[in-house]
Amino acid sequence: MNKKVIARILVALAAYGIFVGLVVNFYDDSPAKMQWEDREAYNRQFIAKLALEKFNFNSAIEQLGSPDITEAKIVDEVSYQVSFYRTQHVKSDGITTQDECTALLFANGILTAIGKTAYQQFQNL
């Protein structure tokens, strides 16, 4: 009888291991598929870790998904883009506004400013 119990425990552990392996390999936890509350928390945590001049626009798209709001312009042959990612809930109206977002300013694809100063710098260009 002890052999049957041990065999069942081993089978259960093997099944659990296979399940965990499948989840880790095939579950896509991208920001685009998250609930809005989870996405805001993810964006806040991710943006808090960013370093200026060491992060680029392509990485932002890969890691954060498409921006909620974006503006772009070219000044003196430098391409500027400010992308807004939702980081705080203000009003339940179904519309994402700038005051619910954190701005990331990219110059030629490289992150140069974060937050309110990012949009101020973009407007002053």
Side-chain angles (χ1 to χ4, degrees):
M1 183 151 158
N2 286 337
K3 290 183 181 182
K4 285 184 178 181
V5 171
I6 292 172
R8 288 181 180 172
I9 290 173
L10 290 175
V11 168
L13 288 173
Y16 178 74
I18 291 170
F19 175 74
V20 168
L22 290 172
V23 168
V24 168
N25 286 321
F26 295 108
Y27 180 70
D28 183 22
D29 191 24
S30 68
K33 294 181 181 178
M34 293 179 188
Q35 295 292 326
W36 66 268
E37 298 99 338
D38 296 333
R39 185 169 183 216
E40 284 181 359
Y42 175 81
N43 288 348
R44 270 193 311 273
Q45 291 173 356
F46 190 89
I47 290 170
K49 297 175 188 175
L50 293 179
L52 299 178
E53 305 289 330
K54 295 183 179 180
F55 188 70
N56 63 46
F57 180 74
N58 292 333
S59 295
I61 296 298
E62 290 173 11
Q63 300 293 319
L64 295 169
S66 296
D68 294 287
I69 303 169
T70 189
E71 295 180 31
K73 60 183 164 184
I74 296 174
V75 178
D76 297 328
E77 298 183 22
V78 177
S79 172
Y80 293 96
Q81 181 167 351
V82 64
S83 298
F84 293 88
Y85 287 94
R86 188 170 175 153
T87 53
Q88 60 265 351
H89 177 76
V90 174
K91 185 177 179 184
S92 294
D93 59 2
I95 300 170
T96 300
T97 57
Q98 287 182 0
D99 64 333
E100 296 176 312
C101 298
T102 299
L104 303 178
L105 179 61
F106 298 91
N108 288 333
I110 304 298
L111 182 66
T112 59
I114 300 172
K116 292 180 182 179
T117 59
Y119 192 60
Q120 290 170 349
Q121 288 178 22
F122 179 79
Q123 289 179 312
N124 293 333
L125 294 171

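For reference, positions follow the sequence shown, starting with 1.
- Using cut-offs of 30° and 60° for the angle between ring planes, the Phe106 and Phe55 rings count as tilted.
- Counting heavy-atom neighbours within 6.0 Å of Lys73 NZ, excluding the residue itself, gives a total above 12.
- With hydrogens and angles left out, the side-chain atoms of Tyr80 and Gln121 include no donor and acceptor closer than 3.5 Å.
- Atom CG in Leu64 sits 15.0 Å away from atom CZ in Arg86 (nearest 0.5 Å).
- A continuous path of Ile, Leu, Val, Met, Phe, Trp and Tyr side chains, each step under 4.5 Å between heavy atoms, connects Tyr119 with Val75, placing both in one hydrophobic cluster.
- For the atom pair NE2 of His89 and CD of Glu40, the computed distance is 7.5 Å after rounding to the nearest 0.5 Å.
- A donor-acceptor contact shorter than 3.5 Å links the side chain of Glu100 to the backbone of Thr97.
- Between the CD1 atom in Ile47 and the NZ atom in Lys49 there is a gap of 12.0 Å [rounded to 0.5 Å].
- With Asn56 contributing its side chain and Gly109 its backbone, the two residues share no donor-acceptor pair below 3.5 Å.
- Panel note: side chain Asp68, backbone Thr96; no donor-acceptor pair is recorded below 3.5 Å.
- A side chain to side chain contact (heavy atoms under 4.5 Å, CB included) with Leu104 holds for exactly one of Leu50, Thr112, Val82; it is Leu50.
- Judged by distance alone, with hydrogens and angles left aside, the side-chain atoms of Gln120 form no donor-acceptor pair with the main-chain N or O of Gly115 at under 3.5 Å.
- Between the CD1 atom of Ile110 and the CD atom of Glu53 there is a distance of 7.5 Å, given to the nearest 0.5 Å.
- In this structure, Phe122 has no ring-ring contact (aromatic ring centres under 6.0 Å, His included) partners at least two apart in sequence or on a different chain.
- A pairwise comparison of heavy atoms in Gln63 and Phe46 identifies CB-CZ, 3.3 Å as the closest pair.
- Nearest heavy atoms, Thr102 versus Gln88: OG1-OE1, 4.4 Å.
- Transitive grouping of hydrophobic side chains (ILVMFWY, heavy atoms separated by less than 4.5 Å) keeps Ile74 and Val78 in distinct clusters.
- Heavy-atom minimum distance, Asn108 versus Glu77: OD1-O, 4.4 Å.
- Here the CG atom belonging to Leu105 is positioned 9.5 Å from the CD atom belonging to Gln81, to the nearest 0.5 angstrom.
- Closest approach of Thr87 to Cys101, counting heavy atoms only: OG1-C, 3.7 Å.
- For the atom pair OG (Ser83) and CD1 (Ile61), the distance works out to 6.0 Å, reported to the nearest 0.5 Å.
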